[in-house]
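We're numbering straight along the sequence, starting at 1.
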Amino acid sequence: MLASIKARDFSLHFNEQNLKGEELQLAYEINDAISEFRDTSKRLEAQYGYLEAMLNKTATFLLVVDDQGNVDWMNESAIKNLCGFKIEKLSGLAVLNENLPHELESFVAGQQRLLNIMVKGTMVEWSVTMTRYNRYGTERRLFSIEDVQMVLRQNEVDAQKKLV
């Protein structure tokens, strides 16, 4: 049972049959603790799913990268509209522009910069921000990349809607 709890398998239930006194009380408490762990785990999974759904709906390209350049996570917008596929390493962005990985590696935490780069024969302007955070004892970098032209076009559309 303890091995199952360590492995976060909360499906077990301590059998309370034929128990009396302190053993029965211990069984109740163990089952309550397992039930609480199970409920907490479900709540955290639901919260993670909710946050991931929100992050996947934003038009901003989001990439989570460790200090070795491994891409841990990309939102759907980055996969579909930035690269067209999920990259494993930050260096994979070289398919868009050979200087892009180096540009991103040069960012320091909290820095926001405009990047004007040639991507697939078109000059694009991106607003890029990098934030550092620690996850399970490992440093991660969150790159937030917004297509400035797309934001401007959306603002124009919103302004025209309000005008009409």
Side-chain angles (χ1 to χ4, degrees), residues 2-11 33-162:
L2 290 176
S4 295
I5 292 171
K6 276 184 167 180
R8 298 192 180 277
D9 175 7
F10 305 122
S11 62
I34 289 172
S35 178
E36 191 173 319
F37 282 137
R38 184 182 315 114
D39 293 346
T40 300
S41 180
K42 285 179 183 176
R43 192 171 50 254
L44 289 173
E45 284 179 31
Q47 184 179 18
Y48 176 80
Y50 171 73
L51 292 173
E52 187 171 32
M54 279 194 331
L55 292 172
N56 278 326
K57 295 302 175 197
T58 183
T60 302
F61 310 143
L62 300 172
L63 293 95
V64 175
V65 181
D66 67 16
D67 282 340
Q68 288 74 44
N70 300 309
V71 176
D72 288 343
W73 182 81
M74 296 172 67
N75 68 343
E76 287 178 12
S77 186
I79 294 170
K80 292 177 184 174
N81 303 316
L82 179 65
C83 306
F85 54 91
K86 185 174 184 334
I87 58 172
E88 299 295 321
K89 294 196 141 299
L90 193 60
S91 60
L93 291 176
V95 299
L96 299 175
N97 180 294
E98 63 184 32
N99 296 323
L100 183 56
H102 176 70
E103 287 284 344
L104 294 177
E105 288 289 354
S106 70
F107 271 74
V108 295
Q111 181 181 25
Q112 182 174 11
R113 215 166 60 201
L114 287 177
L115 290 182
N116 291 302
I117 60 171
M118 187 70 70
V119 175
K120 300 177 185 174
T122 305
M123 184 59 78
V124 295
E125 184 175 33
W126 287 335
S127 173
V128 181
T129 305
M130 189 271 284
T131 305
R132 281 194 166 277
Y133 68 96
N134 191 307
R135 182 173 182 218
Y136 305 121
T138 305
E139 285 289 315
R140 299 284 194 267
R141 295 172 290 167
L142 170 63
F143 289 96
S144 172
I145 304 170
E146 289 186 282
D147 184 336
V148 174
Q149 294 303 317
M150 187 173 70
V151 172
L152 291 175
R153 283 191 300 272
Q154 186 59 48
N155 287 344
E156 287 177 17
V157 168
D158 291 344
Q160 288 177 358
K161 284 181 183 177
K162 286 179 184 177

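- Checked against side-chain hydrogen bond (donor to acceptor under 3.5 Å, both in side chains), N99 has no partners two or more places apart in sequence or in another chain.
- Nearest heavy-atom pair across V148 and L114 is CG2-CD2, 3.8 Å.
- For Q47, the side-chain contact (heavy atoms from CB on, under 4.5 Å) criterion is met by L44, L51, not counting sequence neighbours.
- In this structure, the side chains of V65 and L104 stay at 4.5 Å or more apart for every pair of heavy atoms.
- With hydrogens and angles disregarded, a donor-acceptor distance shorter than 3.5 Å links the side chain of N75 to the backbone of L55.
- The ring pair (Phe, Tyr, Trp, His ring centres under 6.0 Å) test applied to Y133 returns no partner, not counting sequence neighbours.
- The two residues P101 and A94 have their closest heavy-atom pair at CG-N, 3.6 Å.
- For residues 86-108, the set of pairs meeting the salt bridge (Lys or Arg N to Asp or Glu O under 4.0 Å) definition, not counting sequence neighbours, comprises E103-R113, E105-R141.
- Rounding to the nearest 0.5 angstrom, the gap separating the CD atom in E146 from the CH2 atom in W126 is 12.5 Å.
- Not a single side-chain hydrogen bond (donor to acceptor under 3.5 Å, both in side chains) links E76 to another residue, sequence neighbours left out.
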Could you walk me through whether L63 and M130 pass side-chain contact (heavy atoms from CB on, under 4.5 Å), step by step?
CA-CA 10 Å; L63 293 95; M130 189 271 284; over 6 Å; no
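- Q68 is linked by a side-chain contact (heavy atoms from CB on, under 4.5 Å) to D66, N70, counting only residues two or more places apart in sequence or in another chain.
- Between R132 and A109, the closest heavy-atom pair is CG-CB, 3.9 Å.
- Under the 3.5 Å distance criterion, the side-chain polar atoms of D147 are left unmatched by any main-chain donor or acceptor of V124.
- Annotation: side chain of L115 is in contact with side chain of L100 (closest heavy-atom distance under 4.5 Å).
- For T138, the side-chain contact (heavy atoms from CB on, under 4.5 Å) partners at least two apart in sequence or on another chain are R140.
- By the side-chain hydrogen bond (donor to acceptor under 3.5 Å, both in side chains) test, N116 pairs with no residue at all, sequence neighbours left out.
- Using a distance-only test at 3.5 Å, with no hydrogens or angles considered, no donor-acceptor pair links the side chain of N97 to the main chain of V119.
- Contact between L62 and A78 at its shortest, heavy atoms only, is O-CB, 3.8 Å.
- With sequence neighbours left out, the side-chain hydrogen bond (donor to acceptor under 3.5 Å, both in side chains) criterion links E52 to W73.
- The two atoms that bring C83 and M74 nearest to each other are SG-CE, 4.0 Å, heavy atoms only.
- In this view, E36 satisfies the salt bridge (charged side-chain N to carboxylate O under 4.0 Å, His left out) rule with no residue, not counting sequence neighbours.
- Between A59 and S77, the closest heavy-atom pair is O-OG, 3.0 Å.
- Contacts of Y50 classified as side-chain contact (heavy atoms from CB on, under 4.5 Å), with partners at least two apart in sequence or in another chain: M54.
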